[in-house]
S.K.: 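Shown below is the structure under consideration.
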Amino acid sequence: MTEILYREAIQQALREEMLRDDTVFLIGEDLRDPWGGTYKATAGLSPDFEDKRVLNTPIAEDTIIGAALGAALSGTRPVAELMYIDFVMRAMDAVVNQVAKVRYMSGGQSDVPLVIRTQGGGGRSSAAQHGNSLEAWLCHVPGLLIAMPSTPADAKGLLKTAIRLNDPVIFIEHKLLYATKGEVPDDEYTIPFGVADIKREGTDVTIVAASRALLFSLEAAEELAREGISAEVIDPRTLVPLDEETIFESVDKTNRLVVVAEGAERCGWTAEIAARVQEARFYSLDAPIQRVAALNVPLPFQPDMERYVLPSVKDIVAAAKRTLDA
Amino acid sequence: MTEILYREAIQQALREEMLRDDTVFLIGEDLRDPWGGTYKATAGLSPDFEDKRVLNTPIAEDTIIGAALGAALSGTRPVAELMYIDFVMRAMDAVVNQVAKVRYMSGGQSDVPLVIRTQGGGGRSSAAQHGNSLEAWLCHVPGLLIAMPSTPADAKGLLKTAIRLNDPVIFIEHKLLYATKGEVPDDEYTIPFGVADIKREGTDVTIVAASRALLFSLEAAEELAREGISAEVIDPRTLVPLDEETIFESVDKTNRLVVVAEGAERCGWTAEIAARVQEARFYSLDAPIQRVAALNVPLPFQPDMERYVLPSVKDIVAAAKRTLDA
Amino acid sequence: MASETDRKDLLEMFRSMVRIRLFEQAAYDMYMDGELPGFMHISIGQEATSVGACSALGEGDYLTSTHRGHGDTIARGLSIESAMAELMGKADGACKAKGGSMHVADFGLGILGANGIVGAGMPIAIGSALSSNYLDRKTVTLCFFGDGAMTTGPTHEAMNMATLWNLPVVFVRQNNLYAESTPVREYQGIPDILKWAESYGMPATRVDGNDVQAVHDTVLTAVERARSGGGPSFVESETYRWFGHNIGDPGKGRPPEEVTAWKARDPLVICRSVLLDDGADEASLSAIESEEQEKLAKAIELGRAAALPKLEDALTDVYGDQTLAAAALGEVRR
Amino acid sequence: MASETDRKDLLEMFRSMVRIRLFEQAAYDMYMDGELPGFMHISIGQEATSVGACSALGEGDYLTSTHRGHGDTIARGLSIESAMAELMGKADGACKAKGGSMHVADFGLGILGANGIVGAGMPIAIGSALSSNYLDRKTVTLCFFGDGAMTTGPTHEAMNMATLWNLPVVFVRQNNLYAESTPVREYQGIPDILKWAESYGMPATRVDGNDVQAVHDTVLTAVERARSGGGPSFVESETYRWFGHNIGDPGKGRPPEEVTAWKARDPLVICRSVLLDDGADEASLSAIESEEQEKLAKAIELGRAAALPKLEDALTDVYGDQTLAAAALGEVRR
Ligand SMILES: Cc1ncc(C[n+]2csc(CCOP(=O)(O)OP(=O)(O)O)c2C)c(N)n1
Ligand SMILES: Cc1ncc(C[n+]2csc(CCOP(=O)(O)OP(=O)(O)O)c2C)c(N)n1
Ligand SMILES: [Mg+2]
Ligand SMILES: [Mg+2]
């Protein structure tokens, strides 16, 4: 095992897969060195590969994704980047009406080996148009697979899997995770989609979260532990498909559930988890499922206000306690 | 009261508001006669008003909405149309990053008197790109108000309110409701946002649904009644804001809840209602909340397959019975 | 029109136009009879554009089309059996009854799909052209779009990328003078579309879209240019749809004289008379027509006899990976 | 440069450029010191474009700007107090600390906002121009956009609508040669941007974007044309940003000679020497500089002393209707 940055994990996965398969190429805005991507996730790749393997594009998100789709349908395996998940709003037609549906609409005539990497999340005071968490929108779209890794090891293993799959994957990184560190296996490995990881075992309450919210949840679990409360923290790693069994089993044990996500609460991802668990495990639950999400307002610029709007460790702790007080 | 078509209710609301306030104008694709809108909801208006009051546009959804926003910020009150809600994918940036956020990002400097009319829903065999129900995406966006009327009377009253509000409203009609009929008051009236309507009273199970799913729910209630089950059917009419009190009170009475919507189940609108109710009324519920929604696949073309994928009366009846068998 | 090959080619084009005309006429009638579901856009009147352009393609080339895609895709070789079965919603339709009229596709023939979203084919076309260069395959992508698609954002984005990357793509604008009910002048601020297209650094040509030979020759020049590394081209093909926007639309907005004038320039009649002038005999042309009529009748018959999809077929083809597919679908309660 | 008025105008423009330069230099330093949050795009080097263009506007006119909007908005009159307080995240910032650098706006001055989304200002600009015609108000909208915005779909959509409806809008492309790290030639397939713009049926002019007078004169012609019903125009203003894309970006991709050459053409120095040549005395120019320096110092001081927003302020300004707002917000558990 070697400790590397989340950013390096992405770079390694891309590099390894590009070396393994020369139909894999990167396409997006400002991917090439010396810029190397806005969060440097593609840094170091353009100098080491043929020019065509790392393609800088015009600012034209709909056409970047549409073109990547056309390429995926005709013999190559593009890994496209949307610099911010917020910019998916310029590419929504390509992502949803085209990428997600082409296999189905054609009656299964073609594989769609396409990965769309992007990054989301707040906490950088980047205001209402650059800090959103939009995974709920994309989970609502049949035909997409969604990964949202929280650690370098998960990021690398899931991205390698994503590139090898023949289905379109939305791969959501987090702007404040790129500089986080974690142990990564030295040997070649991949991580399957649809398998959750219990990041911390516990018995009193289950906390489900992905991406940066998972780190917050682990901190919250620490804090709860200091008060004698044992929280189990589950990282689904992929939102579609979702490993619901792991969540259900945990709830059967703890009888309490808190779901955490950075996106706005209304019609967000936490709603889906709450809805499913209350249905499947109605009789296991000893307390109402608690959702911890962003308030239903746009993200404000000012850092304190932003922190207030986004879910925090404190909010998770409070939610867990609510389930225990119930 | 006079019986009119849902389509006519829309036409009347537009006409009355255009007569009342000459800064109100319509902007969208093919609104003018003889076409009069793809579902004829604007038919008859262009001949009766100055040319500028009904503006046909190029096919350019992002710019139609962006331009409508610019107009709303500078002294007029546009009612824009997205011909199909599916095409919001071409205007997602304008709707979400601009329209919904401009008041907030500017610190409240301006009203945003803008209505975006559109229509969604399946059941016409229009396949994967023309039959979607995307209200969940829009409910996830802070800053928007969302109306989704099921009857001519609600359509007229809510649209008149929408046009008078100084906040952006997404007004979602349904392609298979335009030709439905209903009684409409003869005198001028409006219907406030955030007030649900109990479309049928009952005591055994609560069914919540909007738009065409509401009609299905009423049919299901009929069928349940024949089996001696008394269903209360609640039409929220506006999804944002949501009149949750009316739903909560009903659940306190029936102790059972079914939520119905046409969109894909995963991260759909039914999840939000289920999540909220289980949290607020955990101890009122005698059975898991049941969600009835489209299956998690794109909409197929062939009518039987489409009916199979979409929620049906039968599915609602079955879900209600599950809550009673629990 | 001297050489044998040319004559043979033109006869083939004639046959293809006849095939499309008959197919669409039948589809129209069947739709009006309530036999075909959904909604449907008929391209009758535009056959010469579809056929002239597609006949300039070779094996391995790609095609993207529009909501009005029957003619384009049949011109490219889509079998009328699978097209008809698709419109009928039968299990062995081109897309297993999942796509329908607006989504007919045949990836084996390089047909990346009709498309229900105006302008959405253009980025996809850029992509298959990109693969072609990437894989050094010398394939060309033909990208059809309507006049109305002109004003959508992706048109600009795609045309810019096409020249930027010198992609082997030919943009053919099927200018039938209207986007739904709106005439070009009411939605297009651009005074001269050829100048506009040329400003992207690509050759732009206007062609009589009802003259199949002219379309063929113009598009062939563009295809050859693309194939030999010369990059993208733009073709404005002027034509007309005889019917309303979709079946059900009476097309009331269009002046009756205009419709009449265009019908008088029927691309099939034009092609027929060129062939006759060139020495083809009436009998062989009629034979083509009756052969195609027969094939169509058989296709309809086959379609009618064919099985409907099973309801659960609606659940397949969402993903390729079956394990992930099952997990993503979740429980099905129907 | 003969008349008194002209001299006065140029002095005002000089003052405005000085104001922007000092403001942005301070913002840069404060950001590097960790005093300002978020991320921030500095327009130093481009002042002549911002000021020359905005000085062509009158009362009631509208402006849309970009992510790099400090210069544009201050040129239009945004007070440096409210701008600085906004960047500092203070409650009395231009947008109550909700917008920040990328969203500064002042609707009272017709500033419809900087914008974090590339190209998003263009449709909005079309809209205020549309209102102008609708209400017969004779106001003009100035629409700034970066060179990189050129390739986004809305650019095409908006320019088409602008000519189609003969809208009073002036598109000013702030061509600083790069979109983030990517030079124009690497993302733009269009060989001649003026020909491209002209193909939309509007006059297109290239101007030295570092010469404030030239920009002013060119944009003024376009503004007057728009105001008198002549419709839209396009101006390509060639300029350069001295710093990287955003603060933090070292701008490594750009050749150092290029940066040096452009710095040598400092718009403030150019304007200063024109003024001196024209008889202005050094002392009065220095006085302007020190006055502006003082005002800035005061603005910073005020900003530093100003109150932070209350956390709950984050919950207001989502909607105008307070009853609906409360219902839409739902329960707040923080
Ligand atoms: C993005 C989008 N906007 C609107 C529509 C609705 N629509 C379908 S076809 C059409 C007109 C297209 O006109 P044109 O491109 O000229 O093609 P034609 O129908 O004439 O073949 C419109 C507006 C759509 N399908 N997609
Ligand atoms: C739709 C969209 N895509 C990408 C970005 C990220 N981004 C911000 S600024 C920028 C470059 C813009 O270049 P240009 O228009 O030339 O403006 P400049 O920064 O040079 O002033 C990019 C790609 C964005 N904000 N919005
Ligand atoms: Mg047309
Ligand atoms: Mg630039």
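Proteins get letters first, then strands, A, B, ... in listed order; numbering begins at 1 in each.
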S.K.: Only heavy atoms, only distances under 4.5 angstrom. Which residues in residues 116-125 of chain D are near chain A?
M.R.: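 Residues of residues 116-125 of chain D touching chain A at under 4.5 Å: G116(D), I117(D), V118(D), G119(D), A120(D).
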S.K.: Can you tell which of V297(A), I59(A), N56(A), T38(A) has the highest number of heavy-atom pairs within less than 4.5 Å of chain D?
M.R.: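 Winner by heavy-atom pair count: I59(A).
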S.K.: Does NZ belonging to K195(D) count more than 12 external heavy atoms closer than 6.0 Å?
M.R.: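 Open.
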S.K.: If I measure from the heavy atoms of chain A, does N246(D) come under 4.5 Å with its side chain, its backbone, both, or neither?
M.R.: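 Only the side chain of N246(D) comes within 4.5 Å of chain A.
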S.K.: By a 4.5 Å heavy-atom criterion (distance strictly below it), what part of N115(D) contacts chain A: side chain, backbone, both, or neither?
M.R.: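 For N115(D), heavy atoms of backbone and side chain both lie under 4.5 Å from chain A.
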S.K.: Under a 4.5 Å cutoff for heavy-atom pairs, which residue among T182(D), D313(D), D317(D) has the most contacts with chain A?
M.R.: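 That would be T182(D).
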S.K.: Would you mind telling me which of T57(A), N296(A), D304(A), D33(A) has the largest number of heavy-atom pairs within less than 4.5 Å of chain D?
M.R.: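 Heavy-atom pair counts peak at N296(A).
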S.K.: With V292(A) as reference, evaluate V317(A), V260(A), V313(A) under the side chain to side chain contact (heavy atoms under 4.5 Å, CB included) test and give the passing residue.
M.R.: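 Among V317(A), V260(A), V313(A), the one that satisfies the side chain to side chain contact (heavy atoms under 4.5 Å, CB included) with V292(A) is V260(A).
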S.K.: Most heavy-atom pairs under 4.5 angstrom with chain A, which of M102(D), M40(D), K90(D)?
M.R.: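 If we count pairs closer than 4.5 Å to chain A, M102(D) comes out on top.
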S.K.: Counting only non-hydrogen atoms closer than 4.5 Å, does P154(D) touch chain A with its backbone (N, CA, C, O), its side chain (CB onward), both, or neither?
M.R.: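 The side chain, not the backbone.
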S.K.: Using a cut-off of under 4.5 Å on heavy-atom pairs, state which of R333(D), M150(D), K310(D), H103(D) scores highest against chain A.
M.R.: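 Among R333(D), M150(D), K310(D), H103(D), the one with the most close pairs to chain A is R333(D).
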S.K.: Please name the pair of heavy atoms, one in P303(A) and one in P37(D), separated by the smallest distance, quoted to 0.1 Å.
M.R.: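 Minimum heavy-atom separation between P303(A) and P37(D): CG-CB, 3.6 Å.
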S.K.: Tell me yes or no: between the side chains of Y178(D) and E258(D), is some donor less than 3.5 Å from an acceptor?
M.R.: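 There is such a pair between these side chains.
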S.K.: Could you tell me whether the side chains of Q290(A) and R322(A) share a donor-acceptor contact shorter than 3.5 Å?
M.R.: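 R322(A) and Q290(A) do have a side-chain donor-acceptor pair below 3.5 Å.
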S.K.: Is E312(D) in contact with chain A via its backbone, its side chain, both, or neither, using a 4.5 Å heavy-atom distance?
M.R.: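 Interface part for E312(D): both.
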S.K.: With a 4.5 angstrom heavy-atom cut-off, could you sort out which part of P309(D) is near chain A: side chain, backbone, both or neither?
M.R.: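 Looking at P309(D), just its side chain touches chain A.
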S.K.: Please check: side-chain N/O of S237(D) versus main-chain N/O of Q174(D), any donor-acceptor pairing under 3.5 Å?
M.R.: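 Checking the backbone N and O of Q174(D) against the side chain of S237(D), no donor-acceptor pair under 3.5 Å is found.
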S.K.: Can a side-chain donor-acceptor contact be found between H156(D) and Y200(D) if the only test is distance below 3.5 angstrom?
M.R.: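 The answer is yes; a qualifying pair exists.
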S.K.: When only pairs under 4.5 Å are counted, which of G189(D), G330(D), S181(D), G89(D) shares the most heavy-atom pairs with chain A?
M.R.: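 Among G189(D), G330(D), S181(D), G89(D), the one with the most close pairs to chain A is S181(D).
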S.K.: Under 4.5 Å from any heavy atom of chain D, what part of D62(A) do you find: side chain, backbone, both or neither?
M.R.: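 For D62(A), no heavy atom lies under 4.5 Å from chain D.
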S.K.: Quick check on L36(D) against chain A: is it the side chain, the backbone, both or neither that has a heavy atom closer than 4.5 Å?
M.R.: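 Neither; nothing under 4.5 Å.
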S.K.: Specify which of K252(D), K96(D), E180(D) makes the most heavy-atom pairs with chain A at under 4.5 Å.
M.R.: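 Ranked by contacts with chain A, first place is E180(D).
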S.K.: Flag the one option from R124(A), R32(A), H130(A) with the top tally of heavy-atom pairs under 4.5 Å to chain D.
M.R.: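 Of the options given, most contacts go to H130(A).
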S.K.: Which one, G99(D), P250(D), G153(D), leads in non-hydrogen pairs under 4.5 Å with chain A?
M.R.: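 Greatest number of close heavy-atom pairs with chain A: G99(D).
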S.K.: Might you point out which heavy atoms bring L14(A) and T42(A) nearest each other, and give the distance in Å?
M.R.: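 So the minimum-distance heavy-atom pair works out to CD1-CG2, 4.0 Å.
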S.K.: Which atom names give the shortest non-hydrogen contact between I316(A) and F216(A), and what distance separates them?
M.R.: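 Nearest heavy atoms, I316(A) then F216(A): CD1-CB, 3.7 Å.
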S.K.: L310(A) versus chain D, heavy atoms under 4.5 Å apart: side chain, backbone, both or neither?
M.R.: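 For L310(A), the backbone is the part near chain D, not the side chain.
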S.K.: Of the non-hydrogen atoms in Y319(D) and A328(D), which two are nearest, and what is the gap between them?
M.R.: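 For Y319(D) and A328(D), the tightest heavy-atom pair comes out as CE1-CB, 3.6 Å.
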S.K.: Between F243(D) and H41(D) (judged by ring centroids, cut-off 6.0 Å), do the two rings come close enough to count as a pair?
M.R.: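 They do not qualify: ring centres at least 6.0 Å apart.
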S.K.: Mind checking whether Y178(A) and Y39(A) have parallel, tilted or perpendicular rings, split at 30° and 60°?
M.R.: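 Correct class here is parallel.
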S.K.: What class does the angle between the rings of Y84(A) and F39(D) fall in, given that below 30° is parallel, 30 to 60° is tilted and above 60° is perpendicular?
M.R.: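 Ring orientation, 0 to 90° scale: parallel.
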S.K.: Between atom CG of L177(D) and atom CZ of R254(D), what is the distance when rounded to the nearest 0.5 Å?
M.R.: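 So the gap between those two atoms works out to 8.5 Å.
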